Amino acid sequence: MITMAEKPDSRSWTEKSRQLRFTVAGTPDDNAVWWHVFNNTPTIYSGCARTSIRISPVFVDTVTESGAWDADIEYGMIQGETPETGVFAFDTTGGTQHVTQSIRNVQRRAPEGQTAPDFGGAIGVTHDNVEGVTISSPTYTFSETRRLPVAAVTFNYRNQIFWLTGKVNNATFQGLEMGECLFLGASGSRRSNDDWEINFRFASSPNRIGLEIGPITGINKKGWEYLWVRYAEREDTAARAVVKRPVAAYVEQVYEYGNFAVLGL
């Protein structure tokens with residue numbers, strides 16, 4: 001099996017170029033090593049496009065089918081751009097979310113001489129259901145447009161964009177913590193023989209810790225995980241009524257995680 005590890009002296013920068021350095025082991029086949037490096041390093045890195053991959057043997061043993069290699073990947077500045085340029089747009093108007101549970105019950109009122117049933121924060125309780133309410137939810141959407149050279153937008157790079165669409169970041173990305181950023185996909189067009197223009201779109205939802213739902217506490221939820229509540233009938237002795245109360249809360253992962261670094265943004 002081929003393995004690859006980044007060297008401590010990797011990630012060297014100049015004003016117009018970048019370099020990544022790796023050690024590769026597990027095969028004496030130089031062609032297999034080159035393709036492994038090609039498929040496992042980003043096409044775009046910090047605003048620069050990959051221009052070359054250079055591998056050199058440390059040792060090769062065809063008898064034991066083993067070997068070790070140095071791999072140096074060069075990146076050059078995208079023509080006409082610096083790492084800070086590109087078109088960036090954002091929108092914080094948010095989306096909507098249907099909730100069945102309030103943060104806090106502010107008031108319960110009933111006719112004089114009667115007691116309003118305590119539903120434990122459940123919203124819109126009927127005889128056999130908890131209807132809830134649709135509210136605005138904090139959603140931060142943003143997009144980034146980059147011009148990339150034709151050589152950078154390879155079949156492999158386009159496949160990586162496709163594979164990442166609908167996935168959530170597995171590490172910090174654009175200042176957003178793991179689990180907060182959802183990649184909505186990208187659209188691109190080839191403008192000439194020299195470059196592509198690609199628009200990348202994302203949405204963010206904040207991670208939450210220490211949530212409380214009625215008597216249930218200590219709920220932690222990453223931004224794009226799904227929280228739902230199970231209700232059961234309980235007797236409210238003060239109101240002399242059978243009510244629905246939250247008895248369990250569930251946090252579900254509904255999106256897969258992906259490595260957004262391969263996008264090169």
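If you read the sequence from its start, that first residue is 1, and numbering goes on from there. This one's a predicted model, so the numbers in the text were calculated from it and none came from an experiment.
- Contacts classified as salt bridge (Lys or Arg N to Asp or Glu O under 4.0 Å) and involving residues 34-58 (residues at least two apart or in different chains) are given here: R54-D72.
- For N220 (side chain) and G210 (main-chain N/O), a donor-acceptor pair under 3.5 Å exists by modelled atom type.
- Separating the CZ atom in F22 from the CD1 atom in I55 is a distance of 14.0 Å, to the nearest 0.5 Å.
- Counting heavy atoms from C-beta on, the side chains of K222 and S205 never come closer than 4.5 Å.
- With hydrogens and angles ignored, the 3.5 Å screen pairs no side-chain donor or acceptor of T217 with any backbone N or O of I213.
- A donor-acceptor pair under 3.5 Å is absent between the side-chain atoms of K167 and the main chain of N169, judged by distance alone.
- Summarising the local packing, NZ of K7 is surrounded by more than 12 heavy atoms from other residues, nucleotides or ligands at distances under 6.0 Å.
- Counting heavy atoms from C-beta on, the side chains of F183 and I161 come closer than 4.5 Å.
- Here the CG-CG distance, from L164 to L182, works out to 11.0 Å after rounding to the nearest 0.5 Å.
- Counting heavy atoms from C-beta on, the side chains of V24 and V37 come closer than 4.5 Å.
- Looking at W69 and D30, their side chains come closer than 4.5 Å, going by heavy atoms from C-beta outward.
- V254 and M178 fall within a single hydrophobic cluster, where Ile, Leu, Val, Met, Phe, Trp and Tyr are joined by side-chain heavy atoms under 4.5 Å apart, directly or via other members.
- Closest heavy-atom contact between E177 and T172: OE1-OG1, 3.8 Å.
- Taking E65 as the reference, nothing meets the salt bridge (Lys or Arg N to Asp or Glu O under 4.0 Å) condition, with sequence neighbours excluded.
- Around the CZ atom of F162, the shell of radius 6.0 Å holds no more than 12 heavy atoms that belong to other residues, nucleotides or ligands.
- At a threshold of 4.5 Å between non-hydrogen side-chain atoms, the residues E6 and R11 count as touching.
- The shortest heavy-atom contact between H36 and N40 is O-ND2, 2.7 Å.
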For L263 and F200: C-alpha separation, side-chain torsions, deciding distance, then whether side-chain contact (heavy atoms from CB on, under 4.5 Å) applies. CA-CA 9 Å; L263 297 174; F200 302 86; 4.2 Å; yes
Just do the side-chain contact (heavy atoms from CB on, under 4.5 Å) check on V262 and F260 with the steps written out, would you? CA-CA 5 Å; V262 301; F260 288 9; over 6 Å; no
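- Between the side chain of Q253 and the backbone N or O of Y255 there is at least one donor-acceptor pair closer than 3.5 Å.
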Check against side-chain contact (heavy atoms from CB on, under 4.5 Å), R21 and S12: CA-CA 9 Å; R21 299 182 179 91; S12 60; 3.5 Å; yes
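- Contact record, D29 with T27: N-OG1, 3.1 Å, taken as the closest heavy-atom pair.
- A distance of 8.0 Å separates CD of E225 from CG of N207, quoted to the nearest 0.5 Å.
- Salt bridge status for R201 with E144: absent, with no side-chain N to carboxylate O gap under 4.0 Å.
- Hydrophobic cluster membership is shared by W13 and I73, with clusters built from Ile, Leu, Val, Met, Phe, Trp and Tyr side chains linked at under 4.5 angstrom.
- The distance from atom CD of E256 to atom CG of N170, rounded to the nearest 0.5 Å, is 11.5 Å.
- Here the OG1 atom belonging to T64 is positioned 7.0 Å from the CZ atom belonging to F59, to the nearest 0.5 angstrom.
- Taking 4.5 Å as the limit, every side-chain heavy atom of Y226 sits out of range of all side-chain heavy atoms of V251.
- Judged by distance alone, the side chains of S187 and N199 never bring a donor and an acceptor atom under 3.5 Å apart.
- Side-chain contact between F142 and L176 is present, with at least one heavy-atom pair separated by less than 4.5 Å.
- In this structure the side chain of L184 never reaches within 4.5 angstrom of the side chain of F202, judged on heavy atoms.
- Between I198 and Y157, the closest heavy-atom pair is CD1-CE2, 4.3 Å.
- No hydrogens or angles considered: a donor-acceptor pair under 3.5 Å links the side chains of Q19 and E74.
- The two residues V60 and P28 make their nearest non-hydrogen contact at CG1-CB, 3.5 Å.
- Using modelled atom types and a 3.5 Å distance limit, the side chains of E180 and W224 yield no donor-acceptor pair.
- The closest donor-acceptor contact from the side chain of D70 to the backbone of T23 lies at 3.5 Å or more, if one exists at all.
- Nearest heavy atoms, Y75 versus P42: OH-O, 2.6 Å.
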